[in-house]
J.: 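Can you read through this structure? Questions will come right after.
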Amino acid sequence: MLITELDLNDKKVLVRVDFNVPVDKNLGVTDNTRIKSSKKTISYILENGGTCILISHMGRPKGYDEKQSLKNIVNEVGKVLNKEITFINDCIGDNTKRACKESKKGDVLLLENLRFYSGEEDGDLEFAKSLSELGDIYINDAFGTAHRNHASTGILPSFFQGCKAMGFLLSREVDAIETFLNNGQKPILSIIGGAKVSSKIGILNNLINVVDDIIIAGGMAYTFIKSMGGEIGNSLCEDEFLQQAKDILFLANRKNVNLHFPEDVIVSREISKTSPTEVASIYNIPTHMEGLDVGPKTLNKFSKIILRSNTILWNGPVGVFEIPNFQNGTKQIALAIAKATECGAFSLVGGGDSISAIKLFRMDDKFSYISTGGGAMLESIEGKVLPGIKSILN
Ligand code: AMP
């Protein structure tokens with residue numbers, strides 16, 4: 001069900017948001033994207049006569065931890081919503097219940113970090129029941145945690161039969177992934193980068209059933225290259241995944257999916273901004289050198305594949321973009337996808353590091369959709385139904 005199908009007037013609306021925002025050492029919010037992403041849902045509830053009771057987690061605390069208290073972000077939430085926010089220093093219990101009950105139409109309450117209670121991550125029924133007593137309606141707008149079967153995402157919705165729905169952010173995320181998986185216009189391409197093959201095996205196995213082309217780059221490419229007999233020097237490699245890499249090569253070949261690997265790479269003795277770099281063939285990297293970015297020939301080849309694609313999914317940088325001398329590959333890939341998008345392709349970008357990269361390049365408005373959830377997006381593309389979504393639909 002969509003939020004627009006519910007009568008919110010005079011209702012206490014419990015909204016599970018993902019305000020797990022990064023903070024600096026003075027506890028100031030350094031990136032408010034996640035707060036901004038739920039603004040549409042919160043404003044809609046207020047405009048339609050509801051009270052917003054916001055619940056979220058922050059970090060991975062083991063019990064109460066002042067540094068991970070949501071009181072640290074109250075001002076930022078107020079700034080984004082342009083509204084006074086009432087912070088409640090607990091998320092369950094009599095005081096919280098009273099504060100929610102006494103809140104008025106148009107109020108916004110922010111409750112304390114759900115993860116201060118172990119019941120949240122344990123998916124505890126009693127904890128979920130206590131949360132359920134705070135509102136009349138449940139809205140989930142936290143895509144970033146939709147893959148977790150936690151109390152506030154997987155269990156709490158069962159207390160709101162007929163009065164629960166996805167917020168605008170969650171439904172946009174679901175639509176974007178649906179467009180990619182089921183309605184993508186061919187040729188469909190995915191670009192999978194990042195450090196480790198192990199975390200992307202599931203997504204690669206499902207992508208083979210969906211796409212025409214897969215570009216495999218970044219640190220994870222070297223396990224594949226080694227499995228094909230290449231000399232990868234000191235590059236990142238997960239030897240225990242060599243067989244899985246071979247299986248993916250075999251499966252892609254059987255299903256007529258084109259796998260594309262870098263040809264030339266930027267190599268260096270160490271990951272540092274002062275270490276001299278060279279260009280080498282990815283199949284012949286000198287010992288003591290590691291591949292840290294893709295080279296010019298590869299970028300030329302990858303850009304052509306990107307520009308001829310009509311649907312593009314990008315997850316994971318193609319080099320160590322955090323260090324300026326290994327940043328060019330990821331930047332050029334971002335530019336090529338942006339250009340394809342401008343020419344009409346549908347582009348979906350997700351995964352924490354790809355998002356950090358495009359923010360660094362100030363290109364976060366150049367793609368069709370940027371997913372707010374790394375793990376949640378990966379699991380959706382793997383073909384799993386996420387607990388946080390299943391519990392809304394049931
Ligand atoms: P992931 O979380 O698996 O998507 O990996 C993201 C990380 O992969 C980023 O921090 C990149 O610096 C890193 N990365 C990308 N390419 C390489 C590479 N060739 N060697 C080592 N690390 C890499």
Side-chain angles (χ1 to χ4, degrees), residues 20 22 31 144 147 190-205 207 214-227 230-241 244-245 248 260-273 275 277-299 302 313-334 337 348-361 370-382:
N20 182 27
D31 182 349
H147 59 313
S190 56
I191 303 158
I192 306 294
K196 291 187 168 176
V197 174
S198 48
S199 60
K200 312 259 164 107
I201 286 287
I203 190 174
L204 285 170
N205 274 316
L207 282 172
I214 306 180
I215 288 177
I216 297 183
M220 61 181 283
Y222 299 95
T223 305
F224 284 90
I225 301 297
K226 188 170 175 184
S227 83
E231 297 286 342
I232 58 165
N234 227 356
S235 308
L236 215 58
C237 183
E238 289 173 279
D239 283 331
E240 61 285 22
F241 281 87
Q244 302 231 34
I248 286 177
H260 309 275
F261 292 97
E263 287 172 11
D264 57 340
V265 282
I266 309 294
V267 299
S268 187
R269 279 182 184 268
E270 57 181 25
I271 305 181
S272 97
K273 56 181 173 198
S275 180
T277 61
E278 290 171 23
V279 178
S281 155
I282 196 167
Y283 294 96
N284 204 0
I285 298 177
T287 350
H288 307 308
M289 292 283 215
E290 55 181 317
L292 296 168
D293 195 7
V294 292
K297 230 164 89 186
T298 299
L299 281 172
F302 285 178
L313 165 81
W314 180 27
N315 181 295
V318 301
V320 183
F321 74 95
E322 298 92 335
I323 311 266
N325 30 345
F326 310 114
Q327 196 173 81
N328 183 52
T330 304
K331 189 167 186 180
Q332 298 307 321
I333 293 291
I337 302 173
L348 170 58
V349 184
D353 283 304
S354 333
I355 297 174
S356 309
I358 60 177
K359 279 194 175 148
L360 183 75
F361 309 143
I370 297 178
S371 176
T372 55
M377 182 179 131
L378 282 181
E379 290 194 20
S380 303
I381 306 263
E382 277 172 34

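Ligands are counted one by one from 1 in listed order, and the atoms in each one are counted from 1 as well.
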J.: Minimum heavy-atom separation for I285 to Y222, with atom names?
T.: CD1-CE2, 3.7 Å
J.: Can you find an N or O of D353 that's nearer than 3.5 Å to an N or O of ligand 1?
T.: yes
J.: Is E322 close to ligand 1, meaning an N/O of one under 3.5 Å from an N/O of the other?
T.: yes
J.: Please work out which of the three classes, parallel, tilted or perpendicular, describes the rings of F361 and F321, given edges at 30° and 60°.
T.: perpendicular
J.: Is there a side-chain contact between I282 and F261 in this structure, where contact means two heavy atoms from C-beta onward sitting under 4.5 Å apart?
T.: no
J.: Using a 4.0 Å cut-off to any heavy atom of K196, which atoms of ligand 1 qualify?
T.: 3 (O)
J.: Please state which protein non-hydrogen atom is closest to atom 14 (N) of ligand 1 and give its distance, to 0.1 Å?
T.: G319 O, 3.9 Å
J.: Roughly how far, to the nearest 0.5 Å, is the CE atom of M377 from the CD1 atom of I370?
T.: 11.0 Å
J.: Would you compute the distance between atom CD1 of I232 and atom OG1 of T287 and round it to the nearest 0.5 angstrom?
T.: 11.5 Å
J.: Counting heavy atoms only, name the option from P262, A195, A221 that's nearest to atom 3 (O) of ligand 1.
T.: A195
J.: G194 heavy atoms, cut-off 4.0 Å: which ligand 1 atoms fall inside?
T.: 1 (P), 3 (O), 4 (O), 5 (O), 6 (C), 8 (O)
J.: Using a 4.0 Å cut-off to any heavy atom of G218, which atoms of ligand 1 qualify?
T.: 16 (N), 19 (N)
J.: Consider side chain to side chain contact (heavy atoms under 4.5 Å, CB included). Of I203, I214, L204, which one does S190 pass it with?
T.: I214
J.: Check each of S198, S235, G291 against atom 20 (N) of ligand 1 and report the one with the nearest heavy atom.
T.: G291
J.: Would you say the side-chain atoms of D31 pair up with the backbone N or O of P22, donor to acceptor, closer than 3.5 Å?
T.: no
J.: Heavy-atom pairs closer than 4.0 Å: do any link ligand 1 to the side chain of V320, the backbone, both, or neither?
T.: both
J.: Would you name the heavy atoms of G329 and D293 that are closest together and state the gap between them?
T.: N-OD2, 2.9 Å
J.: Of P317, G374, G219, which has the heavy atom at the shortest distance from atom 17 (C) of ligand 1?
T.: G219
J.: Do ligand 1 and K200 have nitrogen or oxygen atoms that lie under 3.5 Å from each other?
T.: yes
J.: Are more than 12 heavy atoms, taken from residues, nucleotides or ligands other than E231, located less than 6.0 Å from that residue's CD atom?
T.: no
J.: At a 4.0 Å cut-off, with the gap strictly under it, does some heavy atom of Y222 reach an atom of ligand 1?
T.: yes
J.: Does G351 come within less than 4.0 angstrom of ligand 1, counting non-hydrogen atoms of the residue?
T.: no
